[in-house]
Structure formats: structure tokens, C-alpha cells
Amino acid sequence: MKKSAALVDKDQLLHEMLSANRWGTYFGVSQKVLDQVWNKLTAPDGNSVAYITMEIAADRDVFHPVRDRLQQLDITGSTDPRVDGFVKNFLRGPEKIPNYGGGLGVLAGDTLKSMADCKLPVVAISLLYRKGYFNQMVDSKIGQISWSGNWEPEKTPSIYLLHAPGNPDLPLEVKIPFYDQDDREAYAYARVWLKMEINSRLDYFVPHLLLDYSCPSSPEWIRSAAQNLYDSSSEKVKITQRRMLGAGVLPTLRALGITSSTVHLNEQHGVAVLLTQIAGRLAEQYGQDYCARATDQDILTTAAEVADSIVYTIHTPVKAGHDRFAKELHLAVGHAFCQRILHLLAQDSDNPAAFNFTTLAMQVNRATNSVSRLHKEVTRQQFPQFADKITAVTNGVHHLTWISPAKAEVYDSCPELQNWREDPGAFKNGLALKDNKHFRAFFKVAWQKDNRILTDYVNRMLIAHRNQMQETWIDPPNLLSHLSDPGSALQPGVFTIGFARRFSTYKRADLIFEDIDELLKPVLANDWPVNFIFAGKAHPHDEPGKALIKMVIDCQAELFEKSRGMAKLVFIPNYDMAIAKLMVAGVHVWLNSPKRPLEASGTSGMKAAMNGVPNISIMDGWWAEGYHDGATGWKFGYEDPVDSRNLHENREGLLYKEDSASFYGIFPEIIESFYVQDKFPAFLDRAIMNLPLNCTIFNTHRMVAEYAKRYRLKLSAPLANRLAKFRENYVSDPDYRS
Ligand SMILES: *Cc1c(COP(=O)(O)O)cnc(C)c1O
């Protein structure tokens, strides 16, 4: 009796997870939720935000509320074949969506997830890259080898190809104007994929539209530019990608009836949207021959009007992160009228033959946000003419994505942290936990578990690489794969230092290996073993970045031999979100060694903090706010005031000698506090203090609450109150007035 009742309930539940509108049929949210979100986005009042970004990282192996719900309910299929297909796909379909390169994409994904949790009316737009970013293999002699495979959005759960209104057999195609050298129109076409960023209650989602230009109606040069994220095989491909993003925004929103009146540019990549907005308004004003009739003054006046709807976030002071293109190149993709706008608003101060997209984004917005307090100072120095409008919204991470299952179980068990899933501000009550013996023991056990999971993962990988050596020509990147003695595997419980992020020059991945004899002094003097676990990709065209990977793996033998096997360095290839999640929870300290002040924020250290893992970091980016006089970790290296002459990446100014020496100064004390019994309580204090001091602040719920003010959204009273509560925990920018 009971059993069949439960079965009926399950079928009904599954049916409530099915919804449809004129563009498609979806699984995971109810019809009511779909209608609620869609009605907000298409309402005439335009009270919603279009969030534009080159990359979004939200892999299903680190956060997948629909699958979790199915598993919780012990559902494995359905008698209704339509639903059954969805269920099986959500339980077993591919989990990786490799449309991201690094921190910018992860931030975008975490932001959308918190927006879904907070029920903000937002739609995100980015591109769909059929070949993704790239896959990384590492060979001990060659270093990084990149290859691209195809991923299949068709098979990936929670991604849907939208169809023409009411016609499931015909994909929706949006027509997007490009231009050739002679200013003739050359249309590109994009199919639109909808990815749902569904919150954990399954009662709201943020739709994420991925423009897929590799459809048969698009010209070949567009299709080939659509394959790889950050394809920089030529400047032409690069600028084509930027235009695909920016120029695609308005036609796509229009095709779907979405009315968002605020545009958030997550970095300047999609800034071409401004060109289409300005031209569009002038066409309305002057009619078809607006190009001839609009004066320069008209363009500037219209740009100022458009600016009122734009919120812009700048993510890096590093010049390579800011797009600059030869003027003649832009002529080959954009309308001549766009050149006029660019001439007025995008001049590059260093190079009269180039347009600077950062300059354009800086000029045309109502709010420019930097991503940490320190980055605000840096950005103001870099762009003194815009200093007044540059404010700070310090980044965060999506706590539900990054807290490991073992740690989440501990947090769930604490009455002090009640409701932490809904409200990460609840972590502020964690102050009391430092002196709670029961909590300390439970926390330590969870940490040991996470460390064992990471260690096991690495050991399995080392063996897999060794076996692959027989089958392929890849020489395993890790020394330990070459040693067959069982003692060469990593041991859990050994002091473990983690480092993983993109490999680019300013991040100085090899900094602590500058003087290996110095580094090993406390190891050798006390027989204290240490594991270094590293991961990260370098852009395939970034030769210095790739050289850093080689430099790091080349240190393995010297570390191992000089330490008599006590210091083991492992590099995990093909870094992604799942590896990040294993690492940030399973190591004992998280290392961050950038050249100050080039790390605008950094977020991997926040993920570690979410798991109570202390950081050892240069005082750069978020750590200048998260360090709390040593209560949550350690600092080292140069920390003098920011000087705009220091914003370069030249090797002679990278302070390798000085900052590595500073690291060797603090390292003995850190490893001692881990291994010496009566010092360990202080180590654990630092770990636990991350909960009240850092989890409370560096989460994306607080961050999107701060952005919501910049968006000027009209929100219901309960929602506005909830966001106000998140903002009470921190004010990124005390100077900001809305
Ligand atoms: C968090 C994350 C990053 C960003 O790390 P930073 O320390 O902020 O540079 C990059 N890649 C992946 C896969 C991540 O999860």
C-alpha cells in the first residue's frame, strides 16, 4: 500500500519538474517557476539585467541540484518515456561544460548560482564553444600539450536547444549583422541554447543563453571562429569572437522578447553591445540614413544616454586582459558607423592605430566596479580620468558549490551555523566554534577525510599515468609515476600545500622553488615531510605561461632527492572545477604567490576559506581583506603602497628574490605549527576562524546583493530585505553611494 502511494507521488513529483514554453521543454523546474522567471524577463517594465560574459563555468560535477533531488528521492526513471529520458540524462549525462578558461568564468557561474538563490531577474548571455577551451596533457620533457575535443551540448543535462516559436522541429536562429571591408552586410546566424542555473530549492533559475554560431547558415569564417574559447590564432579571429558576443546580445534578447533594461558587462569582451545600442537609438531618431545624419555630438549624447543602463566590472590590471585591436581590423567586421563611435570613444592612449575596448567600456557606463578594495586603488591609478566613478565590489564564491560534502556535514551539525545554506551570513556565529571541543574534533576528522580523498585521487592518477606510458608516447609529468616503490605514493596526513590557477607570468607559480635548499631547511632539520600539489593551464599561445609549468615539474627531482624523498611535488593535469573542489578542501594550506598588485581579486583562496583551509598569500587581491592580522592564515612578500609603475610583468620587476626569501622566512613556523603537537591548536584556530571572518564575507550572495544596488532593480519587499541582510555583513566600498 505505502509503497505504491510513494510511487504515485514520485511520478507526480517528476511531472511537476517538467515545464514548457514556446521555445522548448525543460526539466528541473515546475511550470509555475518557468512562467514566473519568463514573465519577469519579458515584462514591459524592463526590470531585469542582461549579464554578458565570454565564459561561464558551472560544471555539473560540482553543483547539480536537480540530480541531487532525484537521488534524494531515490528516483531512477519514470513510466512516462518523456520524463524518463530526462531523468536518465540528469543522472548519467555528461557533467563537464568546458566553456571556461579560469577564474573569470568560475566567478560568472558562481554569480549566476547566487542570483538564482536570491531570485534576481537576470538572464546571462555568452557563446557556445563546440570545442570548449582546450584539454591539457603534460609531458615531463615537453611540458603542456593542448588538444581540443568536441563536447556535446545535445547530450548535456540542463542545456536545451531553443526552437522556433511553437515549432519543435526548427531551431531558433538569430540573425546578426556583420560587415565586410566594403561595408556590405554579411550576416551571421546563431542558434540559441538555454542553460538553466537552477537553485537548490528548484524554485527559481537564471537562464543562460549560449549563442552557437557554428550552424550551417553562418559563413565559414564565423563558424570556425566559434569553436574555441579565447581562440587567438589571429587578431581577426579574436575580434570576430568579441563581435559575436557583443553584437549578438540585442538581436537575441529581441528574438525572445526579453526586455532587460540594464546590461552588466562582466569584463569588456562584450562591449560591442554598446555600439549596437548607440547605433540603434540613432536609427530610431534619424531613420534609415542615420549614418549620414547623426553628428559626432549626437553620438556622444546618445552614448551618455546608453551609459545610464550599463554596469561594468573590470577584472584585471594586466594589460593582456584588455582588448586592443588594430583599427583596420575592426573595419572588416563592424559597420563603418561603428568605426565612428570607436573613433570618438575608444582611442588607445599608447597606440593611435588601435582601438581600446577597455577605454570604451570605461567611458560608457554608469558604474565601474573593480573586484576588491585594493584593485579599486589600482584601477583608479590606471584610469585617473574615471577615478570618481570606480567603486569596489569584492568578489565572492558560491558557498554551496565549493564546500566539500564532509565539511558541509560538519556545518549542518552545528546549531551555531543554522541556516548556513540559505544565508552564508550565518557563518558569523562561527566565532564561538573556535573554543568548542566537540566542533574542533569533528572539523578535524572531516579535514582528514578530505585530505585522504585528495591523496587517493592523486595516487590513482599517478598509477594511471604510469600505465598510459606503455600505451602512448606521453611521458608522465610526475616523477612519482616513474617510481614503482610503494613508498613513493602520497601519504595522507602529510602537510600538504596546494596551488592551482591559470599559469600566467604574474601569478609566479614557481616562486617558492626559487631556492630549494632554503625551502627544504625545516623539512630536513626535523624530518617533516611535505606534499606540494599543483595544477593549472596556460593559454596555448602563452609561451611564458607554458614555460612556468615546465619549470614547476622540473623541480620535482631536486625536491625529492635533496629532501631524501620527504618533499613530493605533484602536478595534476587538465585542471577544472572538480579538481579545484578536491584540492581546496583536501590540502592543509592554500598558496597564492602573485606579484602585487596584479592579482585583482583571486577566488581560489576564498574556496579554500569556505572549507576552513588557511591561506598563505601575498597581500594582494582579496587577501588584503581576508587576512585579518593573521587570524585566518599567513602573509608574505612585498606589501608597500600600490605604485602604478609596478603594473608590468617584466621579469626583472617580478621580485622573485625578495618575495621567495620572505616565504622562506615564514615557512618553518607554519610547518612547525602543523606538526608539533602543542602548536597544532593554533593552526586549527586559524582554520576555524575562516568561518566567521571569511565565509561570511567572501560569498557570492553578499556580492550579488551589492551588485543588486548597482543595478537599481525594483524588488519585492521580502527579497529586498533579504539582500539588505546579506549586505549588512560587509561593505566592499565604504565610499559607494547609490
Ligand atoms: C577558482 C578557479 C580558478 C580561479 O583561481 P584564482 O586563484 O582566482 O586564479 C581558475 N580555474 C578553476 C577551474 C577554478 O575553479
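Keep in mind that this is a model prediction, so the values were computed, not measured. Ligands are counted one by one from 1 in listed order, and the atoms in each one are counted from 1 as well.
In this structure, Phe134 has its ring center no closer than 6.0 Å to that of Trp147. Ring-centre distance between Tyr230 and Tyr129: not below the 6.0 Å cut-off. A distance below 6.0 Å separates the ring centres of Phe513 and Phe532. For Phe357 and His322, the gap between ring centers reaches or exceeds 6.0 Å.
Atoms of ligand 1 lying under 4.0 Å from any heavy atom of Thr603, numbered from 1 in the order shown and given with element: 1 (C), 4 (C), 6 (P), 8 (O). Close approach of ligand 1 to Val106 (heavy-atom distance below 4.0 Å) involves ligand atoms 2 (C), 12 (C), 14 (C), 15 (O). Under a 4.0 Å criterion applied to the non-hydrogen atoms of Ala580, ligand 1 contributes the atoms 15 (O). Against a heavy-atom cut-off of under 4.0 Å, Gly602 is close to the following atoms of ligand 1: 8 (O).
Between Lys607 and ligand 1 there is a heavy-atom distance shorter than 4.0 Å. Residue contacts with ligand 1 leave out Phe499, since none of its heavy atoms falls under 4.0 Å from the ligand. For Lys581, the heavy-atom gap to ligand 1 stays at 4.0 angstrom or more.
For the pair Lys537 and Tyr133, the cation-pi criterion (under 6.0 Å, within 45° of the ring axis) is not fulfilled.
Between Asp576 and ligand 1, not a single N/O pair is under 3.5 Å apart. For a threshold of 3.5 Å applied to N or O pairs, the pair formed by Lys507 and ligand 1 contains at least one separation below that value.
The closest side-chain donor-acceptor pair between Asn369 and Thr391 falls under 3.5 angstrom.
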